[in-house]
Amino acid sequence: MTRKKRIVGFDLETGSAKRLYTWNEPEPYIVLCGWIEDGVTHVTNDPAELLEVLMAADIIYGHNIYAFDIPALAVHAGANYEALMAKAYDTMVLAQEEHPPAPKTMPVVLYNLQAVAERVGVEGKTDESKRLAGKKVAELAEAAAEGLTGREAQAAKRAVKAKYKDVYDAAHLIDWWDPELIEYLEGDLVSNQNVFRKLWKHLNRGVSRDELENFRNLNRMVYLGCRIHRPTAELRVAEENAKVAEARMQLSDMCPGIPEDAESPLATNPGKAAFEAGLIAVGVKPEHIPRTPNTGKVSTAKDALSSGDWVVTVEKEQKRFDARTKESYIQIRKARERRQGLRQLYPDNPKVQEMCELATTISGKSRKFAEILGKTGPDDMVHSKIGNLQVSRRVAFIEPSITNVGKRGVGLQQRSLIVPRKPGEVIMCSDLSQGDMRIMAALSQDPEYMKLFVGDRDAHAEVAVALLGTKELQELAAQVGALEALMQMNMMYLRDQAKAIGHGVNYGMGVDSTIANTGLPREIVERYFRMRAQTYRVLNRWTDEARKEAESGWILDNGFGRSMRCDPLQAHTQGPALYGQSGTREIIMRGVRQMPLSVKQMLLMVVHDEVVLSVPRERYEEIAMIVQESLRVTWRDVFFDCDVSNPGENWGECYDKDKGKVWQKHYKAYQENLAMAA
DNA sequence: ACTGACTGCGCC
DNA sequence: AAACGGCGCAGTCAGT
């Protein structure tokens with residue numbers, strides 16, 4: 001007879017959650033541990049006691065345990081991280097499956113235990129931890145004022161309150177035997193058990209089980225962290241500050257009145273006024289002053305002051321008439337306009353040129369280096385969090401945000417901050433190739449569109465030939481292939497055009513916006529749209545259906561069994577976009593799931609369609625093959641390809657133009673070697 | 001003192 | 001009738 005499975009829920013009371021990885025107080029981080037089994041709660045201040053129970057259990061669960069409780073036990077109580085994670089079920093992840101997140105334009109869906117308990121209809125416990133921490137701060141303030149009187153007593157109290165401005169900074173000072181703390185913990189355990197019982201039906205759903213695994217994988221990356229090259233970060237911060245200080249001095253001379261004490265002087269009203277006056281003084285006509293569309297303030301955006309074009313999103317009021325109700329109404333619609341940058345308008349005015357350059361230097365100051373440096377621990381490691389789940393089920397690494405560090409131009413320097421975790425390792429990254437496009441092909445099953453992704457074909461080149469090419473080019477392409485034909489006829493610019501248009505069109509961009517964004521001539525864009533409609537009829541039909549479905553407020557199945565909430569008012573654009581984004585996310589997270597644990601432990605982060613790893617240098621080829629084979633998949637007869645970068649001493653080096661993304665070449669050679677050896 | 005809106009800029 | 005989607009962070013400002 002098999003023994004009854006032990007199912008144990010647990011929760012911790014700790015010091016400030018923000019300091020999980022940077023704890024340096026004399027008091028223990030973990031204040032109180034609690035677990036619940038078959039409705040019976042237990043509490044202890046000895047984490048080892050909890051660990052013994054958890055290790056003996058068959059299933060463990062808790063709320064947000066992937067991101068918090070399990071790493072806390074690993075960091076502060078010597079727990080075996082992988083052993084616990086392998087059998088852990090996070091009710092927060094289950095709750096996300098039960099009630100998907102909403103788009104930003106709709107009421108937010110919260111996933112704290114209280115909110116989840118309410119939604120699934122069980123009793124919740126209000127969040128009392130903040131109150132208890134606040135009570136502790138008050139006690140400490142009283143203690144500090146003990147024996148003092150009058151002003152001195154007040155000052156002592158104020159000092160304590162300032163020290164614990166964030167009351168959670170005093171959470172670790174709460175006595176573990178405080179009856180209120182114990183009661184609170186027990187309440188959470190009971191509530192969590194009830195929530196788990198409501199949600200454990202998800203353990204029978206493949207997609208939910210996959211999602212649990214996805215979040216185990218993502219949070220492993222957070223737990224293991226990224227190494228930051230501190231000297232580079234510090235140097236960049238200093239460089240930025242020096243450069244901006246110099247530009248501020250020069251611009252202040254030309255535009256008197258720019259505030260000296262503001263962190264971003266051109267974001268202040270006086271600064272904007274001074275800048276505008278300065279421009280007028282050197283000959284800029286008032287009607288040429290660039291303005292932000294909503295408030296009409298002077299725009300100091302890089303593009304607005306550039307010598308190129310500037311794309312602004314403006315909201316236009318349109319008078320509409322409802323034939324049914326016979327009422328006219330005003331509708332606001334978004335439109336994109338392409339305007340000329342200020343430097344483009346005054347090419348021969350050196351003063352305007354200089355002022356614009358200086359302003360761009362000042363307002364474009366990158367704070368990314370400082371942001372990352374500020375969150376880097378004394379061990380040079382940074383543990384970003386996994387941000388809130390997005391409607392498309394995409395996730396971001398935040399605090400600091402790693403998802404949006406620069407990739408092009410000078411921004412690429414930002415990636416040089418991220419270096420391998422250990423000596424002897426190098427950085428590897430791997431990207432899905434045109435993930436969103438392939439998702440659209442797979443979902444629509446448009447035979448013509450699917451053909452773009454067969455074999456070694458270059459989708460953008462194919463589209464360029466099919467939609468923008470001449471008959472002559474198309475005939476040649478039929479002989480030698482699209483890419484080769486474009487090169488032979490010296491028409492590679494068509495590929496760039498197709499690529500530029502294609503990105504937006506997948507998300508529902510219209511003709512006018514495409515012209516505004518790309519700067520391409522109207523006739524080319526219109527031709528593209530016309531040809532696309534003719535060539536990919538099935539895709540268009542699918543797109544229309546996706547829009548219609550999104551108007552209901554829900555996309556019931558993204559193709560992988562997951563539903564998405566959407567905003568009916570934005571269905572036309574949001575519907576197809578969400579399918580594409582979520583599908584790409586499913587493919588990449590599936591790829592991660594395919595990796596063996598040892599490779600998963602090398603992962604640093606996932607950036608939507610890219611994975612980044614820190615791998616032993618001497619195993620680069622082997623790991624590259626595993627990563628590539630893990631990510632590659634054929635889904636609904638569409639092949640999802642990926643490439644692998646060259647090794648980099650830092651993340652930025654993986655994108656080195658000279659080295660390029662030439663892994664395939666190495667991979668083929670590697671396979672040939674293997675075949676030869678066999 | 002805090003909050004939310006707005007701006008600007010970065011990513012996929 | 002026409003419409004590119006999804007984000008996070010820092011700084012400023014206005015309102016409470």
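Keep in mind the model is a prediction, meaning the values are calculated, not measured. Letters A, B, ... are given to chains in the order of the sequence lines, protein chains preceding strands, and every chain is numbered from 1.
Comparing A:R547 and A:L578 by the nucleotide of DNA chain C whose heavy atom lies nearest to each, the residue mapping closer to the 5' end is A:R547.
For the OP1/OP2 pair of C:dG11 and a distance below 4.0 Å, the side-chain nitrogens and oxygens of A:R367 include at least one atom meeting the criterion. Using a 4.0 Å cut-off, no side-chain N or O of A:K297 falls inside it from OP1 or OP2 of B:dA5. For C:dA10, the OP1/OP2 oxygens have no side-chain nitrogen or oxygen of A:K368 closer than 4.0 Å. For the pair A:K407 and B:dC12, the criterion of a side-chain N or O lying under 4.0 Å from OP1 or OP2 is met. Here A:S392 does not reach the OP1 or OP2 of C:dG6: none of its side-chain N or O atoms lies under 4.0 Å away.
Residues A:E276 and A:R291 form a side-chain contact, since some pair of their non-hydrogen atoms from C-beta on lies under 4.5 Å apart.
Each of C:dC9, C:dG8, C:dT12 was ranked by its minimum atom distance to the side chain of A:E371; first place goes to C:dC9.
As a whole-Å value, the separation of A:I386 CD1 from C:dG8 P is 12 Å.
Remark: the A:Q581 side chain and the C:dG5 base include a donor-acceptor N/O pair separated by less than 3.5 Å.
Taking the six-membered ring where the residue is Trp, A:W635 and A:F560 present parallel rings, their angle staying beneath 30° rather than reaching 60°. Using the six-membered ring where Trp is involved, A:W542 and A:Y579 have ring planes that are perpendicular, over 60° apart on the 30 and 60° scheme.
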